[in-house]
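Contents: one structure, followed by commentary.
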Amino acid sequence: MTMATDVFGELAWRGLVYESTEGLREVLAREKVTLYIGFDPSAASLHVGSLLPMMALARMQRFGHSPIAIVGGGTGMIGDPSGKTAERQLLTVDQIDANLAGIRSQLARVLDFDAAANPARIVNNADWLRKLNLLDFLRDTGKHFTVNYMLAKESVKRRLDQEDGISYTEFSYLMLQSYDFLMLYDQYKCTLQMGGSDQWGNITAGCDLVRKLRAGKAHGLVMPLVTTAAGVKFGKTEAGAVWLDPNLTSPFRFFQFWLNTDDRDVVTYLKYFTFLVQDEIQALEAEVRTAPEKRVAQRTLARAVTAVVHGQDAVDRAEHASGLLFGERISELDVDDIIAVFDDVPSTDMPAALFVTSGVAIADLLVATKVAASKGEAMRLVKGGGVYVNNRRVADERARFTAADAIAGRILVLRKGARQYHLVRIEQ
RNA sequence: GGGGAGGUUGCAGAGCGGUCAAAUGCAACAGACUGUAAAUCUGUCGGCCAUGCGCCUUCGGAGGUUCGAAUCCUCCCCUCCCCA
């Protein structure tokens with residue numbers, strides 16, 4: 001048996017079922033449902049954390065269910081207090097609309113909108129929330145929420161204990177999210193909401209609302225939070241969050257992020273973030289045990305995820321670049337090849353006039369490219385042996401570089417630490 | 001309205017007239033080891049010039065006392081706690 005025969009079983013062996021409502025498993029086995037997951041529109045791009053729900057929608061669709069991605073253009077204006085310790089910065093309508101467009105295209109990478117029987121949909125809850133009338137809302141929906149219940153919510157309780165408290169705005173979030181569920185139930189017969197484990201309270205509240213107002217049975221399923229064995233926040237690197245937008249996180253860095261996955265996490269991530277089946281993952285798990293240094297599981301993970309998000313071309317280029325960067329001598333490479341390899345890597349153009357006679361000091365180079373925040377820091381880095389030019393360690397913190405040091409007189413490859421690269425192009 | 005505690009370098013948290021760019025922990029960055037992993041160990045961790053034990057800007061804000069203040073005084077702003 002290489003694949004669970006029912007979605008619920010499939011999700012379960014992948015470790016994606018953190019909690020679910022009674023009877024969901026049977027419902028999913030019996031009928032095709034419409035389900036939804038909400039995505040946060042507070043940025044113009046999703047990051048790797050959102051990959052888990054994205055993949056979840058795709059998995060559901062593969063089993064014949066109809067996925068809806070709801071982008072919270074309405075609720076995004078409010079801000080979900082779940083998992084937040086501080087009040088959110090409110091976004092303007094324009095910002096949110098701009099963000100929606102970006103997110104939409106990213107979701108489109110894993111969802112099939114043209115499937116005949118169960119097409120995926122993306123909806124914006126602003127369509128109904130923005131035109132909501134306060135009095136009607138309070139009478140029809142608000143009546144079904146007791147403040148007692150809302151106060152008991154974990155996310156609210158935590159904020160109540162805090163000095164800053166919680167605003168009425170964010171306090172209302174629960175009702176709005178529940179209202180979304182109700183609207184989707186009405187419009188698309190949507191009977192299942194999924195999300196991260198922090199959404200459990202919001203989701204069950206929605207189920208209750210559907211039951212009270214429509215006498216319908218709605219379900220919820222939440223997935224675990226993605227953790228790292230090392231205890232750091234998932235999806236962060238030295239350079240910050242790992243985004244799905246290639247302009248924010250280059251495919252090369254994206255690929256590298258996955259490739260650098262901890263041995264202890266890699267099997268979990270294969271289950272979470274790829275479509276690989278049980279047999280394949282088990283084989284990789286064995287590989288991690290017997291030959292961890294080969295990093296086969298990490299490589300497979302990086303390939304699979306990068307292919308889904310950026311396409312096979314990006315995978316090929318990232319692997320090619322990785323091979324060159326971590327393998328051969330850079331200075332032996334062809335300039336055009338280097339420029340191609342470093343296509344993804346941040347770069348800075350500097351006028352040729354600077355590179356004549358005495359040249360540019362390494363510290364100035366590091367500051368100009370923002371590899372170091374200050375000259376003092378740059379000096380320290382070099383002194384500590386953490387700076388490389390053209391893959392050669394810079395030994396002297398007062399070293400200067402001229403066009404003669406550049407590859408073909410045009411390119412200096414700066415590197416900080418093991419793998420943070422920056423390309424300096426000398427303008428001709 | 002009354003009483004009390006406090007705001008310190010990313011966070012937490014010492015310092016309470018000079019030896020304070022400010023202990024310690026965490027985070028972060030670099031190095032060693034290694035498998036582009038983890039753990040561990042080492043170093044760094046305001047800025048500038050340069051390499052002197054130099055200069056500049058920092059300890060909620062504005063003034064003041066002093067040869068000298070994060071440390072004392074005055075006023076202001078903000079937070080928390082207790083009482084009403």
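Residue numbering restarts at 1 for every chain, and letters A, B, ... go by the order of the sequence lines.
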F254(A) has an atom CZ; how far is it from atom C1' of rU36(B), in whole Å?
17 Å
Could you tell me which nucleotide pairs with rG68(B) by Watson-Crick or G-U wobble geometry, both distances under 3.5 Å, or answer none if nothing does?
none
C1' atom, rG63(B) versus rG47(B): distance in rounded Å?
27 Å
Provide the distance between the two P atoms, one in rU79(B) and one in rG31(B), to the nearest whole Å.
45 Å
Euclidean distance for C1', rU71(B) against rG15(B) (whole angstrom)
8 Å
4.5 Å side-chain heavy-atom contact, R14(A) and I281(A)
yes
Would you mind reading off the distance between Q256(A) atom CD and rA37(B) atom P, rounded to a whole angstrom?
10 Å
Measuring only between side-chain heavy atoms, which start at C-beta, is V71(A) closer than 4.5 Å to N124(A)?
no
Which residue lies more 5' along RNA chain B, comparing N260(A) with R393(A) via nearest heavy atoms
R393(A)
Rounded distance in Å - CH2 (W258(A)) to P (rA37(B))
17 Å
With both distances kept under 3.5 Å, what pairs with rU51(B), Watson-Crick or G-U wobble?
none
Check whether any side-chain heavy atom of L35(A) sits under 4.5 Å from a side-chain heavy atom of L57(A), and report yes or no.
yes
Nucleotide forming a Watson-Crick or wobble pair with rU9(B), both distances under 3.5 Å
none
Check S322(A) against Q256(A) and note the closest heavy-atom contact, atom names and distance.
OG-NE2, 2.8 Å
Under 3.5 Å on both distances, the Watson-Crick or G-U partner of rG1(B)
rC83(B)
Only pairs with both distances under 3.5 Å count, Watson-Crick or wobble alike; so what is the partner of rA28(B) in this structure?
rU44(B)
Considering all heavy atoms, the nearest L365(A)-M350(A) contact
CD1-SD, 3.7 Å
Distance-only, no hydrogens or angles: does the R303(A) side chain make a donor-acceptor pair with backbone N or O of V305(A) under 3.5 Å?
no
Rounding to the closest angstrom, what is the interatomic distance between rA14(B) and rG60(B) at atom P?
14 Å
Separation of the P atoms in rC48(B) and rA39(B), to the nearest angstrom:
32 Å
Just to confirm, is there a sub-4.0 Å distance from OP1 or OP2 of rG31(B) to any side-chain nitrogen or oxygen of Y388(A)?
yes
Any strand counts, and the cut-off is 3.5 Å on both contacts for Watson-Crick or G-U wobble. Which nucleotide pairs with rU74(B)?
rA62(B)
Nearest heavy atoms of F254(A) and W243(A), plus distance in Å:
CD1-O, 3.7 Å
Heavy-atom closest pair, residues R425(A) and S347(A)
NH2-OG, 2.9 Å
No-hydrogen, no-angle side-chain donor-acceptor test under 3.5 Å, S197(A) and E19(A)
no
Hey, are the side chains of R299(A) and L259(A) touching, using non-hydrogen atoms and a 4.5 Å cut-off?
yes
Contact class for L259(A) (heavy atom, under 4.0 Å): base, sugar-phosphate, or nothing?
base
Which whole-number value in Å describes the distance from Q420(A) CD to rC29(B) C1'?
10 Å
If you draw the axis of the six-membered ring of F8(A), does the NZ or CZ of R25(A) fall within 45° of it and under 6.0 Å from the ring centre?
no
In whole angstrom, give me the gap between the P atoms of rA38(B) and rC45(B).
24 Å
Between the protein and nucleotides 39-43 of chain B, which nitrogen or oxygen pairs are less than 3.5 angstrom apart?
none

When the P atoms of rU24(B) and rC16(B) are considered, how many whole Å apart are they?
16 Å
Calculate the interatomic distance between I362(A) atom CD1 and rA30(B) atom P; express it in whole Å.
15 Å
For rA37(B), which nucleotide in any strand shown is its Watson-Crick or wobble partner with both distances under 3.5 Å?
none
Minimum heavy-atom distance between H422(A) and V371(A), given as atom pair plus value
CB-CG2, 3.7 Å
Go through the structure and list residues passing ring-ring contact (aromatic ring centres under 6.0 Å, His included) with F401(A), not counting sequence neighbours.
none
Sidechain-backbone polar pair: N390(A) side chain, L412(A) backbone, donor-acceptor under 3.5 Å:
no
Any residue meeting ring-ring contact (aromatic ring centres under 6.0 Å, His included) with F273(A), in chain and number order, not counting sequence neighbours:
F234(A), W258(A), Y269(A)
Whole-Å distance separating the CD atom of E287(A) from the C1' atom of rG35(B):
13 Å
Which nucleotide in rG35(B), rA30(B), rU36(B) has an atom nearest any side-chain atom of R419(A)
rU36(B)
Positions of residues 292-300 of chain A (non-hydrogen atom under 4.0 Å from RNA chain B), listed by number
P292(A), E293(A), R295(A), Q298(A)
Which atoms of nucleotides 51-54 of chain B (N or O only) lie under 3.5 Å from a protein N or O atom, and what are those distances?
unit_1, atom_1, unit_2, atom_2, d
rU51(B), O4, R398(A), NH2, 3.1

Distance check, C1' atoms only: rU9(B) and rA27(B), in whole angstrom units.
14 Å
Which atom names give the shortest non-hydrogen contact between L28(A) and M60(A), and what distance separates them?
CD2-CE, 3.9 Å
Polar atom pairs between nucleotides 44-47 of chain B and protein, under 3.5 Å, N or O only, would you list them?
unit_1, atom_1, unit_2, atom_2, d
rG47(B), OP1, S374(A), OG, 2.9
rG47(B), OP2, R380(A), NH2, 2.9

Assuming nearest nucleotide by heavy-atom distance, tell me which of L381(A) and T261(A) is located more 5' along RNA chain B.
L381(A)
